[in-house]
Amino acid sequence: MSETNVTAPSDFIRDIIREDLRTNKYGGRVHTRFPPEPNGYLHIGHAKSICLNFGIAEEFGGLCNLRFDDTNPTKEEVEYVESIKEDVRWLGFDWGDRLFYASDYFEQLYEYAIQLIKKGKAYVCDLSPEEIREYRGTLTVPGRESPYRNRSVEENLDLFQRMRAGEFPEGSRTLRAKIDMAHPNVLMRDPVMYRIIHAEHHRTGNKWCIYPMYDFTHCLSDSIEGITHSICTLEFENNRALYDWFLDELGVYHPQQIEFARLNLSYTVLSKRILLQLVNRGYVSGWDDPRMPTISGLRRRGYTPEAIRNFCDLIGVAKANSVVDIELLEHCIRQDLNKRAPRVFGVLRPLKVIIDNYPEDLVEEMECINNPEDPSAGTRRVPFSRVLYIEKDDFREDPPKKWFRLAPGREVRLRYAYYVTCVDVIKNERGEVVELHCTYDPATRGGWAPDGRKVQGTLHWVSAAHALDAEVRLYDRLFLKPNPLDVEEGQDFTANLNPNSLEVLTGCRVEPSLAGAVPGSRYQFERQGYFCVDPDSTADRLVFNLTATLRDTWAKIEQAQQ
RNA sequence: UGGGGCGUCGCCAAGCGGUAAGGCAGCGGCCUUUGGAGCCGCGAUUCGCAGGUUCGAAUCCUGCCGCCCCAGCCA
């Protein structure tokens with residue numbers, strides 16, 4: 001594992017917890033939870049929350065539960081719960097025996113609802129959804145009370161029991177909290193606690209046809225589990241009043257809700273709704289498409305859990321809405337892979353090179369360092385012979401200023417091999433360079449010139465006769481604009497989709513040591529970037545995904561020249 | 001024109017009355033058999049703005065400005 005930031009994270013939430021510990025507010029306990037709704041795959045924004053909740057539990061010797069907030073059967077699926085469990089585990093967190101579902105509490109929640117009805121704090125309302133909206137008023141004008149608001153406790157009890165029994169059609173009635181229709185916080189204007197949905201739930205099947213709403217469910221689930229700090233994102237700040245209201249009215253154990261700003265990433269969309277559309281409309285190959293900001297996408301892309309966790313530590317936790325530069329994420333994976341990824345030669349766009357003065361049948365095994373950052377990684381031998389492939393981009397017939405690479409008459413080093421000089425350029429009928437002829441200096445074996453002469457460029461290469469064929473998938477950001485949602489009137493995020501976010505290269509040539517490389521393994525293709533073996537890869541068809549390019553100063557120089 | 005929040009370098013973010021951490025990006029330089037990595041150096045006289053309190057304010061007070069969230073039987 002690569003080194004991460006050395007200082008323990010500190011932020012306003014941890015400050016609150018330290019203070020609560022000092023004052024013994026919860027008897028010295030710290031108990032958090034990560035409460036996803038299983039209606040989509042987890043993304044990097046969830047990783048921030050996971051690292052926060054599980055991280056805090058670890059740091060303070062507490063516990064963190066994994067709880068599925070599964071109160072809406074129309075949107076939730078087991079596929080999502082399975083993927084979520086896998087992703088949390090992959091990130092390196094452990095919920096022990098504390099895997100919970102809000103649906104586990106349906107019976108208990110029902111009893112709590114009965115209690116509120118008996119207390120005169122909840123009532124069955126027959127208003128339609130449209131009417132409820134009308135009665136709610138607006139942000140500036142108070143709402144009106146429902147005509148059903150003052151039903152007797154007995155009638156409410158009877159109706160609510162019959163709602164549960166399935167006597168009423170979907171949407172015909174709700175159970176509402178009786179709070180204040182003139183409350184300045186719209187959420188407090190008699191919020192719906194239960195609605196009728198005749199749908200099968202992925203865990204409770206057809207046992208229920210009334211389902212509790214988020215506000216009623218979440219606070220009580222936290223209470224039931226003995227959560228101390230219920231950490232959620234900023235958009236729930238308004239809900240805190242309701243969170244507190246239910247708990248106070250019921251007189252039960254009362255955790256505290258704390259809100260922080262969710263993660264936003266430049267050139268990235270982290271809305272589950274839009275992510276779902278990208279998948280459903282086929283803009284990407286699936287939730288784990290390597291261009292997706294999902295945990296499974298990042299995993300397939302070659303990101304490591306360590307890099308993601310380090311990223312989450314670096315971005316911090318605060319209450320100000322912000323947009324983190326995607327380059328910070330890229331920095332994190334480069335930093336991690338630089339330390340751990342074995343180096344290898346891979347030629348993406350092969351250009352044939354013939355070493356005219358190299359013996360026809362000779363094959364030499366060149367010793368190459370596996371990882372200059374990690375001596376323990378050792379060395380390997382890579383075959384060298386008369387016919388090689390180098391990168392097309394490493395040759396220019398008409399080299400610009402500051403060009404260090406190969407060009408007619410130029411001498412460069414073939415890494416760990418020899419100095420070679422370009423003596424001839426062969427073109428096809430279209431005038432494209434298809435082959436280079438070079439001569440080598442036998443005295444420079446290993447890449448050093450005994451006479452001390454220097455070359456500016458060092459190229460990677462592969463022996464034509466020994467190289468393996470491979471497919472390489474080059475990825476770029478999915479969106480062209482820092483804010484993908486910044487579109488003209490009438491357009492949507494698809495207007496900002498990057499048409500070149502995926503480029504598939506076939507006929508790539510990689511060194512023979514890559515034979516049998518297993519899916520998921522990560523390498524640095526020297527001078528190019530980090531790549532990982534895709535699950536599509538097979539014994540006779542290697543497939544690599546670009547995780548991140550190396551930083552490219554030549555590209556910057558060239559750009560500056562234009 | 002209701003309520004709840006937030007405003008410190010291009011992007012994140014420390015700071016909690018004693019005189020602006022750190023990271024990313026950027027820009028120089030060194031080093032280099034990856035134009036990689038590494039190393040060194042450069043950046044806020046200033047903390048949304050305006051007043052006030054104070055010996056002293058990013059930190060306290062007042063007023064203003066800007067941005068975000070809330071009118072789902074979603075979470």
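Note that the coordinates shown come from a computational prediction; the quantities given were computed from them, not determined experimentally. Hydrogens, waters and symmetry mates are skipped; everything else that's a heavy atom, side chains included, is used. Sequence lines set the chain letters: A, B, ... in the order given, protein chains first and strands last, and positions in each chain run from 1.
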- [ ] From the options B/C24, B/G2, B/A75, select the nucleotide whose nearest atom is closest to the side chain of A/N239.
- [x]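 Looking only at heavy atoms from C-beta outward on A/N239, the closest nucleotide is B/A75.
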- [ ] Could you please name the option among B/C74, B/G23, B/C12 that lies closest to any side-chain atom of A/V323?
- [x]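 So the side chain of A/V323 is nearest to B/C12.
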TODO: Quick one: look up who B/G7 pairs with, Watson-Crick or G-U, both distances under 3.5 Å, and put none if it's unpaired.
DONE: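 Check on B/G7: paired to B/C65, both distances under 3.5 Å.
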TODO: If B/C73 has a Watson-Crick or G-U wobble mate with both distances under 3.5 Å, name it; if not, just say none.
DONE: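 Partner of B/C73: none found under 3.5 Å.
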Open item on the list: Strictly below 4.0 Å, N to O, side chains only: are A/E37 and A/K272 in salt-bridge contact?
Closed with: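 Looking at A/K272 together with A/E37, the answer is no, because their closest N to O distance does not fall below 4.0 Å.
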TODO: Please state the C1' separation for the pair B/G23 and B/C49 - nearest whole angstrom.
DONE: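 Each nucleotide's C1' atom is 29 Å from the other's.
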Open item on the list: Please report the distance separating the C1' of B/A20 from the corresponding atom of B/G38, rounded so that it comes out in whole Å.
Closed with: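 29 Å, rounded to whole Å.
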Task: Spacing of A/R176 atom CZ relative to B/G72 atom C1', expressed in whole Å - done: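 Distance check: A/R176 CZ to B/G72 C1' gives 13 Å.
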Open item on the list: Nearest whole Å is fine: how far is B/G72 P from A/H218 NE2?
Closed with: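 Atom-to-atom, A/H218 to B/G72, this comes out as 22 Å.
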Open item on the list: When you measure from the side-chain N and O atoms of A/R133 to the phosphate of B/C73, is any distance below 4.0 Å, counting only OP1 and OP2?
Closed with: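 So the side-chain polar atoms of A/R133 never come under 4.0 Å of the phosphate oxygens OP1 or OP2 of B/C73.
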TODO: Determine: side-chain N/O of A/H331 to OP1/OP2 of B/C24, distance under 4.0 Å, yes or no.
DONE: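 For A/H331, the contact criterion (side-chain N or O under 4.0 Å from OP1 or OP2 of B/C24) is met.
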TODO: Please confirm whether A/F384 and A/W461 have ring centers closer than 6.0 angstrom.
DONE: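 Close enough - the centres of the two rings lie under 6.0 Å apart.
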